[in-house]
Visitor: 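Pasting in a structure now, in structure tokens, and then I'll have a few things to ask.
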There are 2 protein chains.
Amino acid sequence: MTHTPPPNPSIADVKQLIHSEARRVTSYDVASAAGVSQSAVSRCFKPGASVSKATYARVMQAATELDYTPNAAARSLITRRSNLIAVVLSDIVTLHYPQILSELSRQFGQQGMRVLLFSLAREGDIGATLADIWQHQVDGALLAATLSAPQAAEFERRRIPFVLFNRTLREGAVNAVVCDQVQGARLLVSRLAAAGHKRFAMIDGPHDSAVAQERKRGVAARLAELGLAAPLIVSGDYDYASGGRGLREIIAGLGGLPDAVMCGNDLMAIGCLDTARHELGLDVPGQLSVTGFDGMAPAGWLSYKLTTLRQPVQSMTLAASAMLTGLICSSGGCPERRVFSAAVVEGATARLGPGA
Amino acid sequence: MTHTPPPNPSIADVKQLIHSEARRVTSYDVASAAGVSQSAVSRCFKPGASVSKATYARVMQAATELDYTPNAAARSLITRRSNLIAVVLSDIVTLHYPQILSELSRQFGQQGMRVLLFSLAREGDIGATLADIWQHQVDGALLAATLSAPQAAEFERRRIPFVLFNRTLREGAVNAVVCDQVQGARLLVSRLAAAGHKRFAMIDGPHDSAVAQERKRGVAARLAELGLAAPLIVSGDYDYASGGRGLREIIAGLGGLPDAVMCGNDLMAIGCLDTARHELGLDVPGQLSVTGFDGMAPAGWLSYKLTTLRQPVQSMTLAASAMLTGLICSSGGCPERRVFSAAVVEGATARLGPGA
DNA sequence: TTGTAAGCGTTATCAC
DNA sequence: GTGATAACGCTTACAA
């Protein structure tokens, strides 16, 4: 019994050879089984290459029978395209996570790109992750995490296009898709003030969250403009428990109820609402108005009907993936920010006055 | 001005050369800047290789200044390890998505492996995705989606270890981490029956969901054992709206209220609960008991306190990632199933009798 | 249209 | 400990 392959091996011969050597199927195997050159095989897998119908058929037949699949690593080595997109999410995004990710995976998938996922423990933890991103030679990155200026610069230096999601750089222009948190916050304050609310309190998000900072800023600015007292601000962690804890802290701080509690996100608003109603026996919005931010699904559930600001997550996700694929294909152009507006969801947890 | 590099180029020389040629930094560049051979550079980036301290320092200095990062594609080509794990989720898993993904990303990350994400539109849609998985030569796969026997066989043939999450194959042994849905369902039925419930109804999950099938099976089997009437089963989509719709359908079908409505997951249970209380003005659990499945966070919120079965998602995720990394390192061994139990969360939406 | 051959950037093997 | 040199599996001129 010899292991030397016959000069014109059949598909079965090749199959057995591969099996006996316990290795993966390569384009050479397909070529030898189909009786063509290796480059012919390669061309058959490249859309729009020039191959005769007969050759194509023979190659595909062999490829199918041998379970051949091109090796992405080898391809990426020569083409300098990995077809990989790094998606970096800080755990805080948790709310829209599923929606964002499945949408991104779908969008990029349609362009033949795959999502390489990086999940950060904390908002600012991207540092250690960067090395991994470089190694995998991703074609682009979508970042929902805080990026420092030097880190952004390194993306530039390596010529890796990136888009920030709901984040911007303090200085320097970068591509970003954001929701105007400040505008939204101002709008909500206006509507609340128009309904006669005077004493405001706020449950703030984590200190390292850029989005939380903007929301807080918008609220404070609009209150000042309206000549109303600055809100009592307590801090929260964007989670359900923070909402209840925050409310108690506010009541203790004020020695009574404020007119409105504005929460940094829906999750805290729901926690605040539940504590107000079920633990403190308060009437919302009768005695107290409660508002959120985000417009996540549970906010619309019948038990809550939360008054909140909806971010157009779907549109933002779409815009971000489109922007990134655009950057990858036609590299160049100057940085662009696409700013979406948040819309007030009237709900039933706050008395609102007329819009501006 | 010449572009020929000097015989002993400085780091700055090399830097400029790379820049002028607009290419990525390779180990050759680092080698030439550090005045060593390319293989020396390679060794410096391989943990536990034999390099002298002096060489290591020189190489690292040059590497840092040049922003050199090894190319994962080239490495993967020669080592036959991509350090990539395919994680395939059907959209239905949406509930625990964030928790599962961030945990997996963390776990695999600690082993130096990255998560390549595939999000399926439907439970059974893995077919088209497989070709992508093969291309990227993943070292292993974690699948929370239905896999057919031939598909499983192809994983075997390609020697790619895989672990099913909350799924099993109808025939044939595979590695899997599951929660015993049947046992959980039976337990819950027992507790409900012990409290005197007689007429049961059920809002089922999607037909293509294996988990939903098992839950339904467990409920039906236990009811039969107890000599109770078979439940009225209406179908749902695992979403919030399905819960309310299902409840109405049940009431219409029975011409009145059942004693208990068991929902295929928490989301539908919450929808059912909201409709019962806020639209139909029913007293839950006074007039009607409602139960869920999963134990997702909102089930515990004060407005719901849902009676449900908690799946130990954290433990399951941990087990799955550990199992997969185990399979990758020490290939071989016979298929194993790790079965976790669901625990009853008593909540406040159903009257429960004593446990068995 | 097809085949030949030169890389892509690593790691691995082997002398030295 | 170090440096040649041969893979790894593919794409892509270029020649036929």
Side-chain angles (χ1 to χ4, degrees), chain A residues 8 14 18 21-60 62-63 66-83 112 134-137 139 158, chain B residues 8 14 18 21-60 63 66-84 112 134-137 139 158:
Chain A
N8 283 320
V14 176
I18 293 161
E21 295 181 357
R23 55 186 179 76
R24 294 201 171 154
V25 185
T26 74
S27 53
Y28 280 98
D29 298 317
V30 177
S32 101
V36 298
S37 76
Q38 182 271 335
S39 46
V41 176
S42 174
R43 279 192 285 263
C44 287
F45 283 88
K46 178 185 171 143
S50 94
V51 212
S52 77
K53 242 179 187 157
T55 307
Y56 183 82
R58 287 235 305 291
V59 167
M60 280 311 177
L66 294 175
D67 280 331
Y68 167 73
T69 325
N71 182 325
R75 168 181 295 162
S76 130
L77 201 53
I78 186 79
T79 60
R80 280 102 182 275
R81 292 279 259 66
S82 62
N83 291 326
W134 310 146
Q135 291 217 349
H136 286 284
Q137 313 276 117
D139 292 340
R158 292 175 184 266
Chain B
N8 283 322
V14 176
I18 292 162
E21 296 182 357
R23 54 184 181 78
R24 295 201 169 152
V25 185
T26 75
S27 54
Y28 279 99
D29 298 318
V30 177
S32 102
V36 297
S37 75
Q38 181 273 334
S39 32
V41 176
S42 174
R43 278 192 285 264
C44 288
F45 283 87
K46 176 183 171 147
S50 92
V51 211
S52 78
K53 242 178 186 158
T55 307
Y56 183 83
R58 287 235 305 293
V59 167
M60 280 313 177
L66 294 175
D67 281 331
Y68 167 73
T69 325
N71 182 324
R75 169 181 295 162
S76 131
L77 202 53
I78 186 77
T79 60
R80 279 101 182 275
R81 294 280 258 66
S82 63
N83 291 325
L84 250 34
W134 310 146
Q135 290 217 352
H136 286 283
Q137 312 277 115
D139 292 340
R158 291 175 185 267

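Computed over heavy atoms, backbone and side chain alike; hydrogens, waters and symmetry mates excluded. The sequence lines fix the lettering, A, B, ..., with proteins before strands; numbering per chain opens at 1.
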Visitor: What I'd like to find out is whether the side chain of Thr26(A) reaches to under 4.5 Å of the side chain of Gln38(A), using heavy atoms alone.
Guide: no
Visitor: For the pair Ser27(B) (side chain) and Val41(B) (backbone), establish whether a donor and an acceptor sit closer than 3.5 Å, ignoring hydrogens and angles.
Guide: no
Visitor: Can you give me the N/O atom pairs linking the protein to nucleotides 2-5 of chain C at distances under 3.5 Å, or say none if there are none?
Guide:
residue : atom : partner  : partner atom : Å
dT2(C)  : OP1  : Ser52(A) : OG           : 2.8
dT2(C)  : OP1  : Thr55(A) : OG1          : 2.2
dT2(C)  : OP2  : Ser52(A) : N            : 2.8
dT2(C)  : OP2  : Ser52(A) : OG           : 3.4
dT2(C)  : OP2  : Thr55(A) : OG1          : 3.2
dG3(C)  : OP2  : Ser37(A) : N            : 3.1
dG3(C)  : OP2  : Ser37(A) : OG           : 3.1
dG3(C)  : N7   : Ser39(A) : OG           : 3.4
dG3(C)  : N7   : Arg43(A) : NH2          : 2.9
dG3(C)  : O6   : Arg43(A) : NH1          : 3.2
dT4(C)  : O4   : Ser39(A) : OG           : 3.1

Visitor: How many whole angstroms separate atom CZ of Arg58(A) from atom C1' of dT1(C)?
Guide: 13 Å
Visitor: How long is the line joining CG of Asn71(B) and P of dG9(D), in whole Å?
Guide: 16 Å
Visitor: Whole Å only: how far is the CZ atom of Arg81(A) from the P atom of dT12(D)?
Guide: 11 Å
Visitor: Can you tell me how far C1' of dG9(D) sits from CZ of Arg24(A), to the nearest Å?
Guide: 12 Å
Visitor: What are the two closest heavy atoms between Ser82(A) and Gln137(A), and how far apart are they?
Guide: OG-O, 2.7 Å
Visitor: In a check of salt bridge (Lys or Arg N to Asp or Glu O under 4.0 Å) between Asp139(A) and each of Arg158(A), Arg80(A), Arg81(A), which one passes?
Guide: Arg81(A)
Visitor: Would you say the side chain of Phe45(B) lies within less than 4.5 Å of the side chain of Met60(B), judging by non-hydrogen atoms?
Guide: yes
Visitor: Just verifying a value: how many Å separate Ser52(B) OG and Arg58(B) CZ, rounded to the nearest 0.5 Å?
Guide: 8.0 Å
Visitor: Are Arg23(B) and dG9(C) close enough that a side-chain N or O sits under 4.0 Å from OP1 or OP2?
Guide: no
Visitor: Can you give me the closest heavy-atom contact between Asn83(B) and Gly112(B), atom names plus distance?
Guide: CB-O, 3.7 Å
Visitor: Once salt bridge (charged side-chain N to carboxylate O under 4.0 Å, His left out) is applied, what residue pairs with a partner in residues 26-54 of chain B remain, sequence neighbours excluded?
Guide: Arg23(B)-Asp29(B)
Visitor: To the nearest 10 degrees, how far apart in direction are the end axes of the helix from dT1(C)-dA16(D) to dC16(C)-dG1(D), each fit to five base pairs?
Guide: 30°
Visitor: Within the structure shown, what part of the strands sits under 4.0 Å from Ser42(B) by heavy-atom distance: base, sugar-phosphate, or nothing?
Guide: base
Visitor: Please determine if a side-chain N or O atom of Arg80(B) lies less than 4.0 Å away from the OP1 or OP2 oxygen of dG9(D).
Guide: yes
Visitor: What is the distance from CG of Leu77(B) to C1' of dT11(C), rounded to the nearest Å?
Guide: 10 Å
Visitor: May I have the distance from Gln135(B) (atom CD) to dT11(D) (atom C1'), rounded to whole angstrom?
Guide: 14 Å
Visitor: Whole-Å distance between dG9(D) C1' and Lys46(A) NZ?
Guide: 16 Å
Visitor: Search all heavy atoms of Leu66(B) against all heavy atoms of Ala33(B) and return the closest pair with its distance.
Guide: CD1-CB, 4.1 Å
Visitor: Give the rounded distance in Å between these two atoms: CD1 of Ile78(B) and C1' of dA7(D).
Guide: 5 Å
